[in-house]
Amino acid sequence: MGKDEGSVAGGRLLSLDVYRGFTMFFMASAGFGFSVLDGNPAWQWLANQVEHVEWAGFSVWDLIQPSFIFIVGAAMPFAFAIRASRGQSRSQQFWHALKRSLQLLVIGCVIVAIHKNTILVDLTTVLQQIAIAYFFAFFVLGRGTKVQIAAALGILLVHTLCFVLWPGVGPGGPWAKNANFASAVEQWVFNRTDGGGYTAFNAISSIATVIFGILAGELLRRDIPAGKKVRTLLIAAVVCLALGAALYPAIPLVKRIWTASWAIFAAGWAYLLLALFYWLIEVKNIRRWSFIFMVIGMNSISIYVFFQMLRGNINNWLWTFSGPLLGPLGVPGQILQYWLVLAVHVYVTYWLYKRKIFLKVG
């Protein structure tokens with residue numbers, strides 16, 4: 001298969017849906033239960049990979065959010081190309097982007113409010129970060145590769161300078177947890193500091209992550225051989241991984257404040273994974289394995305909201321029936337319980353897919 005025109009149906013690219021679904025599958029797994037292996041000398045390495053690192057560095061689990069944000073950007077050229085083909089002006093597309101951003105902000109804030117049992121504006125979690133980054137990234141959509149790369153790197157440079165030049169830098173340096181520029185802004189604007197070190201200011205550098213995704217999406221829409229697209233994605237992956245690593249330790253890899261090194265390094269992994277999915281599905285036409293991920297990817301907001309709102313309840317409900325059987329098994333039983341909960345999430349998504357029910361934002 002030389003080009004991928006046949007895989008684009010209704011403006012959707014199958015490999016992109018599968019990559020999105022794979023990412024959300026990992027999120028909904030809650031680590032597949034491997035966190036219960038924490039403290040086991042033989043399996044500690046596995047437990048570490050399904051937990052966020054304390055601050056600097058990264059684990060496999062830390063790559064979920066940047067993948068999700070990157071995919072949002074990669075889907076934008078396809079989505080807005082459809083709108084343009086329907087005769088929508090740039091102005092109409094702008095209002096759509098604004099509307100979608102506001103809806104994501106509301107959904108994200110409602111989820112946080114329910115979790116914390118109080119009404120508050122919180123911009124630190126993923127939907128709110130995406131909402132802000134998506135809106136501002138819209139302005140470079142279709143503006144050309146040079147403009148987009150310059151915008152992404154410019155944003156990351158400004159983000160870095162805010163930390164480095166902040167007058168409040170203490171003995172822990174500009175990247176100290178809850179003692180940095182972003183945490184100061186959080187305290188000033190919202191009069192609070194997140195215990196984990198997450199801040200609303202992350203949305204600024206997340207714009208770069210969306211733009212990196214836009215670059216990938218516009219590449220995949222080009223009328224060039226599929227093999228060349230894969231090679232370009234791989235080159236982008238190598239460049240980003242190398243550059244992100246080179247910036248460390250001057251700018252540490254810190255997901256919780258989305259440092260420039262982290263944004264670039266994580267984009268490298270996203271390019272690499274997208275190249276893999278694209279090669280398997282669009283180039284080699286190996287697709288049968290991907291069906292369930294496609295189903296999840298086409299309803300990513302649904303599974304995200306379902307996971308955030310009901311996972312704990314589903315676990316408790318299931319344990320009523322599975323507990324007598326799995327409880328005596330100890331650690332293996334606990335891991336199996338995680339997989340049962342994941343199976344419920346996947347089944348609900350499949351049930352929605354079969355009935356052509358898709359939760360859309362915007």
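Because only heavy atoms are used, hydrogens play no part in the values below, and waters and symmetry mates are left out as well, while side chains stay in.
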Is it the case that the side chains of [Y] and [X] hold a donor-acceptor pair, with the cut-off being a distance below 3.5 Å and no angle test?
X      : Y      : answer
Arg311 : Asn313 : no
Glu186 : Ser183 : no
Gln187 : Thr193 : yes

Quiz item: Applying the ring-ring contact (aromatic ring centres under 6.0 Å, His included) test to Phe32, which of Trp61, Tyr338, Trp339 qualifies?
Solution: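 The residue from Trp61, Tyr338, Trp339 that satisfies ring-ring contact (aromatic ring centres under 6.0 Å, His included) with Phe32 turns out to be Trp339.
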Quiz item: Would you find a donor on one side and an acceptor on the other, under 3.5 Å apart, between the side chain of Thr23 and the backbone of Ser67?
Solution: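 It does not hold such a pair.
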Quiz prompt | Any donor-acceptor pair under 3.5 Å from Asn299 side chain to Tyr353 backbone | solution =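 Not a single qualifying donor-acceptor pair exists.
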Practice problem: Kindly confirm or rule out a cation-pi arrangement of Arg192 over Tyr198, judged by NZ or CZ under 6.0 Å from the six-membered ring centre and within 45° of its axis? | Solution: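 Not satisfied by the 6.0 Å and 45° rule.
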Quiz item: Could Arg20 and Phe25 be counted as a cation-pi pair, given that NZ or CZ must be under 6.0 Å from the ring centre and within 45° of the axis?
Solution: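 No, a cation-pi geometry is absent between Arg20 and Phe25.
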Practice problem: Please determine if Glu282 and Lys229 form a salt bridge, counting it only when a charged side-chain N lies under 4.0 Å from a carboxylate O. | Solution: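 Judged by the 4.0 Å cut-off on N to carboxylate O distance, Glu282 and Lys229 do not form a salt bridge.
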Practice problem: Would you mind checking if Arg143 and Glu218 are paired as a salt bridge, meaning a charged N to carboxylate O distance below 4.0 Å? | Solution: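 Salt bridge absent between Glu218 and Arg143.
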Quiz item: Ser59 versus Asn48: any side-chain heavy-atom pair under 4.5 Å?
Solution: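 SC-SC contact between Ser59 and Asn48 ruled out.
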Self-check item: Asn315 side chain reached by Gln337 side chain, heavy atoms, under 4.5 Å
Solution: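 In short, these two side chains touch, coming nearer than 4.5 Å.
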Quiz item: Looking at Asn180, Val169, Thr160, which one forms a side chain to side chain contact (heavy atoms under 4.5 Å, CB included) with Trp175?
Solution: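 Testing each of Asn180, Val169, Thr160 against Trp175, the sole residue satisfying side chain to side chain contact (heavy atoms under 4.5 Å, CB included) is Thr160.
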Exercise. Step by step, work out the ring pair (Phe, Tyr, Trp, His ring centres under 6.0 Å) result for Tyr134 and Phe138.
Key: CA-CA 6 Å; Tyr134 174 89; Phe138 167 80; 7.8 Å; no
Quiz prompt | Common cluster, Ile335/Val346, ILVMFWY with side-chain heavy-atom separation under 4.5 Å | solution =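 Same cluster.
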Quiz item: Does Leu243 share a hydrophobic cluster with Val158, counting links as ILVMFWY side-chain heavy atoms below 4.5 Å and allowing steps through other members?
Solution: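 No; Val158 is not reachable from Leu243 via cluster members.
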Quiz item: About how many Å separate CG of Leu359 and OG of Ser302, when rounded to the nearest 0.5 Å?
Solution: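 Here the interatomic distance stands at 4.0 Å.
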